[in-house]
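Heads up: the structure comes next, in structure tokens.
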Number of protein chains: 2
Amino acid sequence: MKRPTVQDVAREAGVSPSTVSRALHTRGYASPEVRERVQAAANRIGYVLDHNARNLRSRTSTSIGVLISDLRNPFYADLAAGIEEELRAAEYQMVLVNDNGDPAEEMRAAETLLAMRVPGVIVTPVTAACPRILQDNGVHVVCADRELGRSGSDVVLSDNKAGARELTEHLIGLGHTRIGFLIDETKWSTGAGRLAGFRAAHADHGLEVDEQLIAYTSFDAVAAQETTRELLDSLDMTAIVAANNVLAQGALAEIKRRRWKIPRRISLAAYDDVPWMSLVAPALTTVDQHTVELGRNCARLLLARIRGELPARRRIVRVAPRLIVRGSTGPAA
Amino acid sequence: MKRPTVQDVAREAGVSPSTVSRALHTRGYASPEVRERVQAAANRIGYVLDHNARNLRSRTSTSIGVLISDLRNPFYADLAAGIEEELRAAEYQMVLVNDNGDPAEEMRAAETLLAMRVPGVIVTPVTAACPRILQDNGVHVVCADRELGRSGSDVVLSDNKAGARELTEHLIGLGHTRIGFLIDETKWSTGAGRLAGFRAAHADHGLEVDEQLIAYTSFDAVAAQETTRELLDSLDMTAIVAANNVLAQGALAEIKRRRWKIPRRISLAAYDDVPWMSLVAPALTTVDQHTVELGRNCARLLLARIRGELPARRRIVRVAPRLIVRGSTGPAA
DNA sequence: CTGTTAGCGCATTCAT
DNA sequence: ATGAATGCGCTAACAG
């Protein structure tokens, strides 16, 4: 299976290999006449560029690494979709790796991407070590959705605090004063921001937060259901906020199991709007993170960085979320 | 940003570049003692293999192209997740491209993958031209989920006919004789198979299919809702089968809009189980395609093909679907 | 504007 | 078991 090379095209067109290279790929000098002749010759013999050779020679690549935690979670799928869309438009390719939130897998992936000589990586980081090792090797990094300590890399975030604050405020406005908050982690900026927004809304309205109402669980629908069960067993509340789509699933399952009417008996709201939330009855009040747009922003930012269009200073892009009020939230009982 | 090369490692370890190559990457001869010394030297100076150089030299690549229609559809996301999982385990990378079901985008992607010299591609084909051009250039192709004419390539399919037949039979068993069937396309083996299964179940039970009950729509929830509306406006039926998850969304929306009780007034069932279907009330009776497993099979098959472990004859893998009975189907009114 | 020369980093001969 | 030499296909310098 020998494929034609620039040499072959050169012979066919009666020019030199470098002229072929210039005419076809590089925007170097080449007279329109020659350009056309070379193009024709290339088509005739079915020539197709070899990215490996080009990358090796010019030490650049148009492959971008994308490192996410769970492609089956619509949040990550949407994020990846937005990234891919933007990369494709710019003639870049997306190498997608699922690290399952596992630090070891994440590190393995980073090494692979290093080996591929990708110019940039977009990552929803599990460990600060991952962005660091990449940057230490000259790879541009954009952290998506969350921030771990001071990585120094560009970052694209949803304004979690503002979104959670608005959502909580909506409930307070409906008369709720005892609101449960279901959350998995607060080490990352994501969870921390949402919790901060929850607290801020209370403070804005002169309400104390009963710390018992903040229920810590793990990133798993079954665990979230169990935690919700314990929460509802032990305390009184008129509303629950779930900090993300997975936890919302668990909370909803538990409320349904009890056959509690939503929103009459209890209101339910979730951060991170995903499709099923508008299909259930009643549909859930949520905060839409504009996840696809978040992904697009990551890609745009990374590409600008790669092209050297940005000042050295790290950039922080915040995408404003939007409150979507639906039927699952109503006046406090 | 100059990264260390085999030369540098060789100097550091006091051996020749070829020995480094053998010790590190290739399983050629190298004494354990030297192997270790080279390994240590490599770690010390932070050496990392250059895939581009390796690929160029050995004309193989460990990147696999994956061409799908819509990453935001959980079906494709699950498929991709299954593929990625298997590829990662085998130390391959996934280059994921979304073609949006557009033949032009699909063809562009194929050319890119050709340029990347990937040894194989997994595609949910839009056009037969795509698998063809890839194969003509020596790239192994596995078609996922559907088959377009005679492509000659390996293919991994859900047994659509069997699944739809079982689903329809379930309804007939409940006493339904007038069942609507909502479908978008029947040119691909996917839709054709599901429709065939629907017919076969009727035939099995000596029932005529009223052709009017087969409602053709387009791959879009809004269109599906509109088609469902027309269908319910014009004909009597006691159940509806939606041929995929997107159409199910439209059908459900329309039934809810009418405030018809499910399953009392009408039963609803869907092909292609996705998460929201078990969250709505009542939960939907569906056919689970084992989509992730479908993806895994695609990757396994492709890798086996690449490694030359398979006989020349094209292979057709069928993954048996599974009927999941939930609350949305009940006795005919 | 075009051709010539050189070499990117690696894996593979072929010697030894 | 190891080393020297070669070239994968391409593009960046340089010269013309």
Side-chain angles (χ1 to χ4, degrees), chain A residues 1-39 41-42 45-63 111-112 114-119 137-138, chain B residues 1-39 41-42 45-63 111-112 114-119 137-138:
Chain A
M1 240 337 300
K2 192 92 181 57
R3 312 243 276 250
T5 74
V6 277
Q7 304 273 359
D8 301 319
V9 179
R11 200 175 316 111
E12 179 80 11
V15 293
S16 77
S18 14
T19 299
V20 172
S21 173
R22 281 188 293 247
L24 250 36
H25 314 306
T26 230
R27 55 186 156 301
Y29 310 111
S31 73
E33 189 267 324
V34 168
R35 244 191 162 76
E36 204 165 331
R37 191 146 48 89
V38 170
Q39 192 62 261
I45 67 177
Y47 166 80
V48 22
L49 169 68
D50 187 323
H51 266 154
N52 293 312
R54 184 228 276 277
N55 293 347
L56 176 59
R57 174 63 233 228
S58 53
R59 305 124 241 266
T60 60
S61 157
T62 53
S63 290
E111 303 230 341
T112 302
L114 242 32
M116 295 179 77
R117 299 299 192 260
V118 299
N137 285 80
Chain B
M1 237 344 290
K2 193 90 183 53
R3 313 242 276 251
T5 74
V6 278
Q7 303 272 0
D8 302 317
V9 179
R11 202 175 314 112
E12 179 80 11
V15 293
S16 76
S18 12
T19 300
V20 173
S21 174
R22 281 188 293 248
L24 250 38
H25 316 305
T26 230
R27 57 188 154 300
Y29 306 112
S31 72
E33 190 266 325
V34 167
R35 246 195 161 75
E36 204 166 330
R37 190 146 48 89
V38 170
Q39 193 60 259
I45 66 176
Y47 167 80
V48 22
L49 168 68
D50 187 323
H51 266 154
N52 293 312
R54 185 228 274 278
N55 293 346
L56 175 59
R57 173 62 233 234
S58 53
R59 328 104 249 255
T60 60
S61 157
T62 53
S63 290
E111 304 231 341
T112 301
L114 242 31
M116 294 179 77
R117 299 300 192 259
V118 299
N137 285 79

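In the text below, chain A, chain B and the rest are named by the order of the sequence lines, each starting its count at 1.
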- Task: Under the side chain to side chain donor-acceptor pair (under 3.5 Å) rule, collect the residues that match up with Ser18(B), sequence neighbours excluded.
- Result: Ser16(B)
- Taken to the nearest whole Å, CG/Asp50(A) to C1'/dG7(D) is 14 Å
- Query: With sequence neighbours left out, what residues match Ser61(B) under side chain to side chain donor-acceptor pair (under 3.5 Å)?
  - Reply: none
- Message: Output the rounded distance in Å from CG (Asn55(A)) to C1' (dT11(D)).
- Response: 12 Å
- Item | Whole-Å distance separating the CG atom of Asn52(B) from the P atom of dC8(C) | 15 Å
- Could you give the NZ-to-P distance, from Lys2(A) to dG7(D), as a whole number of Å? 13 Å
- Nearest-nucleotide comparison on DNA chain D, the residue closer to the 5′ end among Pro32(B) and Arg59(B): Pro32(B)
- Message: Can you measure Glu36(B) atom CD to dA1(D) atom P for me and round it to whole angstrom units?
- Response: 16 Å
- Scan for salt bridge (charged side-chain N to carboxylate O under 4.0 Å, His left out) pairs involving residues 4-20 of chain B, sequence neighbours excluded, and state none if there are none. Asp8(B)-Arg11(B), Glu12(B)-Arg44(B)
- Rounded off to whole Å, could you give me the CG-to-P distance for the Leu114(B) and dG9(D) pair? 15 Å
- Task: To the nearest 0.5 Å, tell me how far His51(B) NE2 sits from Ser63(A) OG.
- Result: 11.5 Å
- Message: It should be established whether Ser16(B) places a side-chain nitrogen or oxygen under 4.0 Å from OP1 or OP2 of nucleotide dG3(D).
- Response: yes
- Rounded to the nearest Å, what distance is computed from the NE2 atom of residue His51(A) to the C1' atom of nucleotide dT11(D)? 14 Å
- Gln7(B) CD to dC10(C) C1', straight-line distance once rounded to whole Å: 9 Å
- Task: Nearest 0.5 Å please: distance from the CG atom of Asp50(A) over to the CE atom of Met116(B).
- Result: 10.5 Å
- Measuring from Arg117(A):CZ to Leu56(A):CG, what's the distance to the nearest 0.5 Å? 9.5 Å
Distances under 3.5 Å between protein N/O atoms and the N/O atoms of nucleotides 11-14 of chain C, please, pair by pair.
residue: dA11(C); atom: OP1; partner: Arg54(B); partner atom: NH1; Å: 3.1
residue: dA11(C); atom: OP2; partner: Ser21(B); partner atom: OG; Å: 2.6
residue: dA11(C); atom: N3; partner: Arg57(B); partner atom: NH1; Å: 2.4
residue: dT12(C); atom: OP2; partner: Thr26(B); partner atom: OG1; Å: 3.4
residue: dT12(C); atom: O4'; partner: Arg57(B); partner atom: NH2; Å: 3.4

- Between the axis at one end of the helix from dC1(C)-dG16(D) to dT16(C)-dA1(D) and the axis at the other (five pairs apiece), what's the angle to 10 degrees? 30°
- Test Val20(A) against every option in Val34(A), Val9(A), Thr5(A) by the side chain to side chain contact (heavy atoms under 4.5 Å, CB included) rule and name the one that passes. Val9(A)
- Please identify each residue that fulfils side chain to side chain donor-acceptor pair (under 3.5 Å) with Thr62(A), with sequence neighbours left out. Gln93(A)
- Query: Does Leu24(A) reach the side chain of Leu49(A), with side-chain heavy atoms less than 4.5 Å apart?
  - Reply: no
